[in-house]
Amino acid sequence: MHLASAAVLFASSQLTHLVPLDVLILVLYFAVVIFIGFYVKGSTNTSEEFFLANREMSAWIAGLSFVSANLGSLELMGWAGSAYQYGILAMHWYWIGAIPAMLFLGIVMMPFYYISRTHSVPGYLKLRFGEGARGLSAACFAFMTILMSGVNMYAMAVVMQTVLGWNMTFSIWVGAITVAIYVMLGGLRSAIINEVLQFVLIWAGAALIPILGLIEAGGWTNLKAQIAANVGSNDYTHLWSTLGSFKSNPMGIHWTGIVFGLGGVISFGYWTTDFLVVQRVLSANNLRSAKLAPVIGAAFKMAVPLIVIVPGLLALAVLKNADGSLMHLVPGDVAKITGQHAYDEVLPLMLIRYCGPGLLGLGITALVAGFMSGMAGNVSAFSTVWTYDLYGAYINKKASDKHYVAMGRWSTVVGMLISILTAYLVAHATSIMDYVQALFSFFIAPLFGTVILGMLWKRATKEGGFWGLLAGTIGSIAMFIYVHVGGKQALSRIALSSDAQPMAENMYRALWSWILCVVITIGVSLVTKPKSDSELNGLVYGATAIPDDGSRTLLQKPIFWAGVVAVIFVFLNLIFF
Amino acid sequence: MAEGTGRGDLLSIWFFVGILTLLYGIVLLPYGAWAWATGREAHTVLFQLHPTFWWGLLLSILGGFYTKRFWPRSEDRMKT
């Protein structure tokens, strides 16, 4: 949702430059990641090793990788910008828009993904609903994943060009070649190691901003008072109390959209069925680790607003022009005309505000690591789905394991080349980024409907799964076109208010497409023949004896830690209500 | 066992986390100390708190701890 603005936001002149000390920090990072690729190559010889890291990751590694796969630089900069634009409401995307879904994945869904021994989410759909649902989801996923990788690549190049004045082609090729080398050599294992490194780097590079910012602002209470004085409203620091109507908050959203659209559908769709993140948990070394990894990920996710949302809020209070007047950031398209700084520049601006040589290099390295990790996540997920669910399922079903590993390595390279092509395509028509993002939203909400019914309802049939998924996806596309063609009237029908902002429209569209998928799946299932219980063993609640996960004491039980995270989650929402 | 990098390998993921953090600490700490001592710190907001020095020290301690804790041991080498 921030991609289009990312293209134009850095229209102003170069923000800063790196000194040799900063360059050294950046070079150290590249040297370590390339070394890791070569180092783990020797332990990625079988398909299980290459695509699923031999399922030997501990709960901590899988959990950190799970949350890190979603922590791309574009997200960080975009949401920091949203915090400046909409205030603390942006926090919902990190809390209610993630935590309940992550806990649900760990406690309810992970046992089925894990004990079915599937290699991918489309693979689970094949076991549960047959080839139709698998083919549809695999093709959609592979297509959108590779486009997302290209968009990430382009965004990195734009940011590097504008923050540091780097040539775009240089950024695209250096990033792409580095990622291609380490993913091609080490597969998912390489990607996971780098995601864990990236998570640490992001904290090392960005944590100083909220620390120094809060010192400068005089603490949280003073920060709230300064924001209220600067924007003339208390609405920017309340999480829930302004959501009673569409007009009473800067986002133009109602609490039903946040709770049901974001927290109920978009979040569950993304965190429980997007293979990019689920693949990380499938690499866990046992059932207990697989259940615990999303819980650990949720605990870390709750802390991320400190380095994303707080800098955006701090900027509302402390960011000033050279003459001492308050700096006003503007939307990307306005910034391009007026020469002001854009919302999404807030994180680099705050970084430059507090970080001199060395620390600036660390912050920039964290951003680069975030971009590269985003590309690696997309490409490794693409190569898995391509090899298992498209090539291995429809093109060459009986090849040797060695052949599939080679295909995985080559598809990584080809995927990266397509991403580069996409990046150049986007560079010539930035509106393509909007469509890539929309593409993602078309598919993920209905997919959640299909997977969740497949896991929880024995009566769901092969035909129901396929037609429900197809109807939900087509319905979402139709609503998108309707709103873009039909104007305010169409918007008020889909998003329940003509005051709704694009984010609100996305949420309601996701909700309706999910409901459509569920209704069609149930309807078709009721008139078609279900599978027997024995065929559904290991795939569905009620037909599966869930194996013991090996937890003995209370502190070993994933459900206990999920409860702890849930209590902290509720507590935090009440504090910032 | 070296966690996360493959069975029998000597270096775990946590070792890489430690060594990279330590390297950054080693780069930042002396620079921060030099800039503080010579009064050549960049005039960023709150530079008088010497963030480069303190952050470098923190990264050195954390990185050093992880590097030492997950340094490949001789018994691991024997197994491979």
Side-chain angles (χ1 to χ4, degrees), chain A residues 19 21-22 24-25 28-29 31-33 35-36 39-45 49 53-54 56-58 60-62 64-65 186 189-190 192-197 199-201 204-205 207-208 211-213 215-216 283 285 318 320 350-362 365 369, chain B residues 1-36 38-63 65-67 69-70 72 79-80:
Chain A
V19 299
L21 187 71
D22 300 315
L24 172 65
I25 287 175
L28 279 175
Y29 169 72
V32 169
V33 296
F35 175 79
I36 288 171
Y39 182 71
V40 303
K41 181 181 181 294
S43 50
T44 51
N45 299 317
E49 287 174 344
N54 212 24
E56 64 178 24
M57 296 299 170
S58 67
W60 280 93
I61 294 173
L64 280 177
S65 168
R189 196 191 296 280
S190 232
I192 285 178
I193 296 173
N194 281 294
E195 279 155 7
V196 173
L197 269 185
F199 189 81
V200 175
L201 260 178
L208 262 179
I211 292 170
L212 292 174
I215 291 173
E216 187 188 1
S283 72
N285 56 10
V318 303
K320 297 200 169 58
M350 294 298 278
L351 187 70
I352 293 163
R353 182 176 180 80
Y354 297 116
C355 297
L359 291 178
L360 183 64
L362 196 57
T365 303
Chain B
M1 193 187 88
E3 201 175 17
T5 52
R7 291 197 168 86
D9 278 338
L10 299 174
L11 307 178
S12 82
I13 283 184
W14 306 117
F15 174 79
F16 286 113
V17 167
I19 199 78
L20 190 63
T21 311
L22 179 62
L23 284 173
Y24 286 155
I26 289 171
V27 170
L28 291 177
L29 183 61
Y31 174 76
W34 172 80
W36 184 357
T38 59
R40 294 188 186 183
E41 286 169 299
H43 283 210
T44 51
V45 175
L46 295 179
F47 76 94
Q48 60 275 27
L49 296 179
H50 319 295
T52 310
F53 174 81
W54 294 114
W55 205 243
L57 181 65
L58 181 70
L59 295 183
S60 299
I61 293 170
L62 293 177
F65 171 77
Y66 263 72
T67 304
R69 168 78 180 74
F70 294 98
K79 287 178 194 167
T80 57

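Letters A, B, ... mirror the listed sequences (proteins, then strands); counts begin at 1.
- Both the backbone and the side chain of A/Y29 come within contact range of chain B, each with at least one heavy atom under 4.5 Å from a heavy atom of that chain.
- The shortest non-hydrogen separation linking B/E41 to B/F47 is OE2-O, 3.7 Å.
- Comparing A/L208, A/I36, A/T44 by heavy-atom pairs within less than 4.5 Å of chain B, the highest count is held by A/L208.
- Interface check for chain B: of the options A/A204, A/G186, A/G356, the most heavy-atom pairs under 4.5 Å are formed by A/A204.
- Pairing each heavy atom of B/Y24 with each of A/I25, the nearest pair is OH-O, 2.8 Å.
- Only the side chain of A/L64 comes within less than 4.5 Å of a heavy atom in chain B; its backbone stays farther off.
- Judged by distance alone, with hydrogens and angles left aside, the side-chain atoms of B/T67 form a donor-acceptor pair with the main-chain N or O of B/G63 at under 3.5 Å.
- Between B/V45 and A/Y354, the closest side-chain pair of non-hydrogen atoms falls below 4.5 Å.
- Contacts of A/L212 with chain B are made by both backbone and side-chain atoms, with heavy-atom separations under 4.5 Å.
- In plain terms, the two heavy atoms of A/M57 and A/I61 that are nearest each other are SD-CG2, 3.6 Å.
- A/L201 places a side-chain heavy atom less than 4.5 Å from the side chain of B/L20.
- Your options are A/I192, A/V32, A/L28, and the one with the most heavy-atom pairs under 4.5 Å with chain B is A/L28.
- Scanning all heavy atoms of the two residues, the minimum distance from A/L197 to B/F16 falls at CD2-O, 3.7 Å.
- Taking both residues in full, the closest heavy atoms of A/M350 and A/V318 are given as CE-CG2, 4.0 Å, listed atom of the first, atom of the second, then distance.
- Residues of residues 54-62 of chain B lying under 4.5 angstrom from chain A, judged on non-hydrogen atoms, are B/W55, B/L59 in numerical order.
- Between A/S190 and A/V40, the shortest heavy-atom contact is OG-CG2, 3.8 Å.
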